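Remarks on the structure that follows.
Predicted, not measured: the structure shown is a model, and the values here were computed from it.
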Amino acid sequence: MIKTTEFAYKPGEHEAEKASNSYLMSLVALVAGLPFPIVNLIATFFFFLANRKGTYFVRWHCTQALYSQVVLLAFNSVAFWWTVSIIFSDTTVSNPYFAYFFTVLILNLAEFISTVYAAITTRKGKHVEIWFFGSLTNLTCTK
């Protein structure tokens, strides 16, 4: 699921810290805005904007972190609004709701673990590609 490789060059300490912070931004935002799924995306997006003209290593990891938050936002938003509709209407809790809710819970847990791993590994100056998001980032992030 996660591929760790050496980058074409050895990133400096400052680059590794910024790249690592791109992943940590979503974790900090998770604590600040837990019930609202958009807070993580906004924090990651602003960090991406601040570093979009940085070195390739930093840009690449900011882009990968942003892509993971965009996909997660879609799943979390459906779960959030489905839950709100159950609370504030006569809709009953159903098996499809529980199935979707637990799927989103597992997806969030996997994303949390991969984000922590990517932050730690990237801080050491190693290149981390998360499944699907790494390939997408390779296609869109140019040197």
Side-chain angles (χ1 to χ4, degrees), residues 1-88 91 93-143:
M1 183 168 147
I2 298 175
K3 183 172 109 179
T4 304
T5 59
E6 291 295 324
F7 215 59
Y9 70 98
K10 179 75 174 152
E13 183 69 24
H14 186 65
E15 289 177 281
E17 183 178 357
K18 277 189 172 185
S20 176
N21 288 345
S22 69
Y23 297 108
L24 293 177
M25 190 58 58
S26 66
L27 297 178
V28 170
L30 176 70
V31 172
L34 191 58
F36 302 108
I38 189 110
V39 175
N40 297 356
L41 179 65
I42 291 171
T44 306
F45 179 70
F46 281 121
F47 194 81
F48 169 78
L49 286 179
N51 292 292
R52 70 178 183 253
K53 296 191 186 229
T55 64
Y56 178 67
F57 185 76
V58 174
R59 267 184 306 134
W60 196 96
H61 287 284
C62 287
T63 305
Q64 179 173 252
L66 181 64
Y67 286 157
S68 71
Q69 290 304 310
V70 167
V71 170
L72 203 58
L73 174 71
F75 286 100
N76 287 344
S77 293
V78 171
F80 177 79
W81 289 111
W82 197 349
T83 303
V84 167
S85 73
I86 288 172
I87 292 171
F88 293 112
T91 309
V93 179
S94 61
N95 285 340
Y97 171 77
F98 279 121
Y100 187 79
F101 186 80
F102 286 118
T103 301
V104 169
L105 190 67
I106 291 169
L107 181 66
N108 276 281
L109 184 62
E111 196 274 336
F112 180 80
I113 292 168
S114 66
T115 298
V116 170
Y117 177 79
I120 292 169
T121 307
T122 305
R123 182 70 175 97
K124 295 175 183 175
K126 295 182 180 173
H127 183 63
V128 177
E129 290 185 23
I130 300 172
W131 177 79
F132 179 73
F133 304 116
S135 301
L136 184 61
T137 305
N138 283 333
L139 291 173
T140 59
C141 192
T142 59
K143 291 183 182 183

Which residue, K18, E15, H127, forms the side chain to side chain donor-acceptor pair (under 3.5 Å) with H61?
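Exactly one candidate clears the test, H127.
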Quick one: side-chain contact (heavy atoms from CB on, under 4.5 Å) partners of [X], sequence neighbours excluded?
X	value
T91	I86, S89
A16	R123
I120	V116, K124
F88	V84

Between side-chain atoms of residues 62-75 and protein atoms elsewhere (two or more places apart, or another chain), which donor-acceptor pairs fall under 3.5 Å?
| from | atom 1 | to | atom 2 | distance (Å) |
| --- | --- | --- | --- | --- |
| T63 | OG1 | R59 | O | 2.7 |
| Q64 | OE1 | I130 | N | 3.0 |
| Q64 | OE1 | G134 | N | 3.3 |
| Q64 | NE2 | Y23 | OH | 2.6 |
| Q64 | NE2 | V128 | O | 3.1 |
| Y67 | OH | T140 | OG1 | 2.8 |
| S68 | OG | A65 | O | 2.8 |
| Q69 | NE2 | E111 | OE2 | 3.0 |

Using 0.5 Å steps for rounding, measure from the OG1 atom of T122 to the OH atom of Y117.
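Nearest 0.5 Å value for the OG1-OH distance: 9.0 Å.
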Rounded at 0.5 Å granularity, tell me how far OG in S114 sits from CD in E129.
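Going from OG on S114 over to CD on E129, the span is 13.5 Å.
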Do W60 and T55 pass the side chain to side chain contact (heavy atoms under 4.5 Å, CB included) test, and can you show the C-alpha distance, the side-chain angles, and the key distance before you say yes or no?
CA-CA 8 Å; W60 196 96; T55 64; over 6 Å; no
Scan for side chain to side chain donor-acceptor pair (under 3.5 Å) pairs involving residues 71-83, sequence neighbours excluded, and state none if there are none.
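Matches after skipping sequence neighbours: N76-N108, T83-Y97.
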Heavy-atom pair with the smallest gap, counting every atom of F57 and A19:
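Closest approach of F57 to A19: CE2-CB, 3.6 Å.
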I'd like to check the side chain to side chain donor-acceptor pair (under 3.5 Å) partners of Y100; sequence neighbours left out, ordered by chain and number.
none
Just jot down the side chain to side chain donor-acceptor pair (under 3.5 Å) partners of S85, sequence neighbours excluded, or say none.
none
